[in-house]
Every structure is written in structure tokens, then in C-alpha cells.
Student: 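Please find one structure pasted underneath; my questions will follow.
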Amino acid sequence: MTQNTHTTLIFFQFEGFWSRYMAISIMGFSKVIRPKGKGMLVGKLLGTGSGLGFSRKPNWGQYAHFAIWENEDRAKEYFSSSALIRRLTKWSQKQVVLEMQPYQSRGIWDGKNPYPQIPTSAEMEGSVAILTRAKLKTKNILDFWKHVEPVNTSLANSKGRLFSAGLGEWPFSHPITFSLWEDISAAKEFAYSQPFHAAAIKGARDGSWFKEDMFVRFGVKKFKQ
């Protein structure tokens, strides 16, 4: 059976004091008892940054649930029965839901390749989602964050961007980016126009920037906001 393909990412958005208070409480408790379900190969609860991408300021009104599944049926079972998902849905005013199929992946997350059966190089048509995750070397953290703001500004004006967010397990040292594009051409046009991206790619390849890093492209099966 092919594993490590079906991937879900849900952004829960909260408005008002009590909704945000409950979200913080749920997230704090769930950091101790991590997401788990039958057929869930990877489960992460993630905070997000303010704005469209990376930010030094956390977004207290948005949190994300990321998971990789043995298959789509296991995901459906979990989302229909999970007490954690019920609580987050109850207190959130909006959810942005993505179901995705990876078609290109390279790198590792927590010392493992979460998509071992996916090729390192491939192309496909249609809308594309891109996730990057890195574990920064301590000496590079400050330099990394110096370059963040120009990228965020460019994101706001990027043609073909449908959705984007900066996420993090540990925001300053383990940054994650997620972006959704109309097609791969729009995603590449943005990426190649950024000098910082070129430096980050070089740093990933020669090992000078990151302790570990991961890059994944997904075909989008569902996008609801």
C-alpha cells in the first residue's frame, strides 16, 4: 500500500477575546497530548505569524493542524470523530481547509523523510501548494530574520497567490512557510524574483544555513475558505 501521500492542512481562525483565549488553551493542552489518530503518520499543531508569511509577531487568532495520512479514508475518520478538531471548530469563526497530494519532495523533518515514496523532482499542472520547513543553525537565526520583511512585502503583490502563511513549531528557529498558487509558473516567478530565496536555496544545498530542511510541492485536491 502506498503511504505518506494524502496530506491535510487546516487553518483555524479565531476572533474576539474568548475565542482566542480558548484557542490558546486548546493549543497549550494539545502540545502535551499531540494529535494522533489511526492512520495518521505525522500530526502537528502549529502556530502562525502575522501577515502573509514569516513574522516576528505571532498571530494569536490563527492556528494550524497539519497531518500526513496512510490514505484519505483515515483522514475522514479522524476529522469526523476527533475531540480536538471539534473543539477547534467550535471556537473558531473560520476554517481554511486544504487536502493535498505531494508530487515532489526532498529533505527531512525531525530527522526523517515524511514522504519517502515521492520523487525529488517532478512537475504537474493545476494549482500548486508549496511547504518549506527548516531547522536553523543557531548562528544564522538573526541573519535569517533580517531578510524576512522584503519577502513578505513581495508576497502581497505576487500575481497568482491564492493563500499563504508563515507557521512554526518553534517560530524563530523552526520556521515553516506555506503558499498556494494558481499554477507552478506563478510560484516560480515569485521564488526566482527573490534574492533571499536564492541565498536560502544555496544555504540548504551546501549545509551552511540549516541543521535540516524540507521542501514539498503538492497538487491541491481541495481548497475551501
Student: Measuring from Lys221:NZ to Met100:CE, what's the distance to the nearest 0.5 Å?
Tutor: 10.5 Å

Student: Within a strict 4.5 Å, meaning less than it, do heavy atoms of the Pro175 and Leu136 side chains meet?
Tutor: yes

Student: Search all heavy atoms of Gly160 against all heavy atoms of Ala186 and return the closest pair with its distance.
Tutor: CA-CB, 4.0 Å

Student: Show the nearest heavy-atom pair for residues Leu9 and Ala64, with the distance to one decimal.
Tutor: CD1-CB, 4.1 Å

Student: Kindly indicate whether the side chain of Glu99, heavy atoms from C-beta on, has any atom under 4.5 Å from the side chain of Glu72.
Tutor: yes

Student: Do Tyr78 and Thr8 have a side chain donor and acceptor closer than 3.5 Å?
Tutor: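 Their side chains do not contain a donor-acceptor pair, so the 3.5 Å distance test is not met.
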
Student: Just so I know, are the side chains of Glu169 and Leu46 near enough to count as touching, which here means a heavy-atom distance under 4.5 Å?
Tutor: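 Yes - at least one pair of side-chain heavy atoms lies under 4.5 Å apart.
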
Student: Does His65 reach the side chain of Leu84, with side-chain heavy atoms less than 4.5 Å apart?
Tutor: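 Of all side-chain heavy-atom pairs linking Leu84 with His65, at least one is under 4.5 Å.
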
Student: Take Met40 and Arg74 through the test side-chain contact (heavy atoms from CB on, under 4.5 Å) and record every step on the way to the result.
Tutor: CA-CA 7 Å; Met40 182 188 289; Arg74 294 301 191 196; over 6 Å; no

Student: So, do Ile118 and Phe218 sit near enough that their side-chain heavy atoms are less than 4.5 Å apart?
Tutor: no

Student: Say you draw a straight line from OG of Ser185 to CD of Glu125; how long is it, rounded to the nearest 0.5 Å?
Tutor: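 It comes to 10.0 Å.
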
Student: Between Ser92 and Gln95, is there a donor-acceptor pair closer than 3.5 Å when you use the side chain of the first and the backbone of the second?
Tutor: no

Student: Counting N and O atoms only, with roles assigned by atom type, does the side chain of Arg133 sit under 3.5 Å from a partner on the main chain of His174, one being a donor and the other an acceptor?
Tutor: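 No; zero donor-acceptor contacts below 3.5 Å.
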
Student: What are the two closest non-hydrogen atoms of Ser81 and Arg86, and how far apart are they?
Tutor: O-NH1, 3.1 Å

Student: Decide yes or no for Asp110 and Lys44: does some side-chain heavy atom of the first lie under 4.5 Å from some side-chain heavy atom of the second?
Tutor: yes

Student: Sequence neighbours left out, cut at 3.5 Å: what donor-acceptor pairs do the side chains of residues 12-19 make with other protein atoms?
Tutor:
| residue | atom | partner | partner atom | Å |
| --- | --- | --- | --- | --- |
| Gln13 | NE2 | Gln62 | OE1 | 2.8 |
| Ser19 | OG | Glu15 | O | 3.3 |
| Ser19 | OG | Trp91 | O | 3.3 |
| Ser19 | OG | Gln93 | NE2 | 3.1 |

Student: Taking Ser50 for its side chain and Pro58 for its backbone only, find out whether a donor-acceptor pair lies under 3.5 Å.
Tutor: yes

Student: Please report the interatomic distance OG1(Thr177) to CG(Leu131), rounded to the nearest 0.5 Å.
Tutor: 6.5 Å

Student: Can you sort out the partners of Phe178 under ring pair (Phe, Tyr, Trp, His ring centres under 6.0 Å), two or more places apart, ordered by chain and number?
Tutor: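 Expected list: none.
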
Student: For Ile176 and Trp109: C-alpha separation, side-chain torsions, deciding distance, then whether side-chain contact (heavy atoms from CB on, under 4.5 Å) applies.
Tutor: CA-CA 11 Å; Ile176 301 168; Trp109 187 332; 3.9 Å; yes

Student: To the closest 0.5 Å, what do you measure between OG1 (Thr48) and CG (Leu167)?
Tutor: 6.5 Å

Student: Verify the cluster assignment for Trp60 and Ile26: are they in a single hydrophobic cluster under the rule of side-chain heavy atoms below 4.5 Å apart?
Tutor: yes

Student: Would you check, one step at a time, whether the test side-chain contact (heavy atoms from CB on, under 4.5 Å) holds for Phe190 with Arg161?
Tutor: CA-CA 9 Å; Phe190 167 74; Arg161 182 189 62 85; over 6 Å; no

Student: Name all residues meeting the side-chain contact (heavy atoms from CB on, under 4.5 Å) criterion together with Arg217; count only those two or more places apart in sequence or in a different chain, and write none if there are none.
Tutor: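 Checked Arg217 against side-chain contact (heavy atoms from CB on, under 4.5 Å); matches are Tyr103, Gln104, Glu123, Val128, Ile130, Ile184, Lys188, Phe215.
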
Student: Do the side chains of Met27 and Tyr21 join up, straight or via other hydrophobic residues, at under 4.5 Å, putting them in one cluster?
Tutor: yes

Student: Return the minimal non-hydrogen interatomic distance between Ala75 and His6, and the atom names on each side.
Tutor: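 The answer is CB-CD2, 3.7 Å.
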
Student: Report yes or no: do Ile24 and Ile85 belong to one cluster of Ile/Leu/Val/Met/Phe/Trp/Tyr joined by side chain heavy-atom distances under 4.5 Å?
Tutor: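 Ile24 and Ile85: one cluster.
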
Student: For Glu212 and Gly111, indicate whether the former's side chain and the latter's backbone hold a donor-acceptor pair under 3.5 Å.
Tutor: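 Such a contact is found between Glu212 side chain and Gly111 backbone.
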
Student: Give, for atom OG of Ser82 and atom CZ of Arg87, the distance between the pair rounded to the nearest 0.5 Å.
Tutor: 8.0 Å

Student: With distance as the sole test, does Thr7 use its side chain to make a donor-acceptor pair with the main-chain N or O of Thr5 at under 3.5 Å?
Tutor: yes

Student: How far apart are the closest heavy atoms of Ala165 and Phe11, and which atoms are they?
Tutor: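 Taking Ala165 first and Phe11 second, the nearest heavy atoms are CB-CE2, 3.7 Å.
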
Student: Can you tell me how far apart OH (Tyr63) and CG (Leu45) are? Round to the nearest 0.5 Å.
Tutor: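 If we round to the nearest 0.5 Å, Tyr63:OH and Leu45:CG are 11.0 Å apart.
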
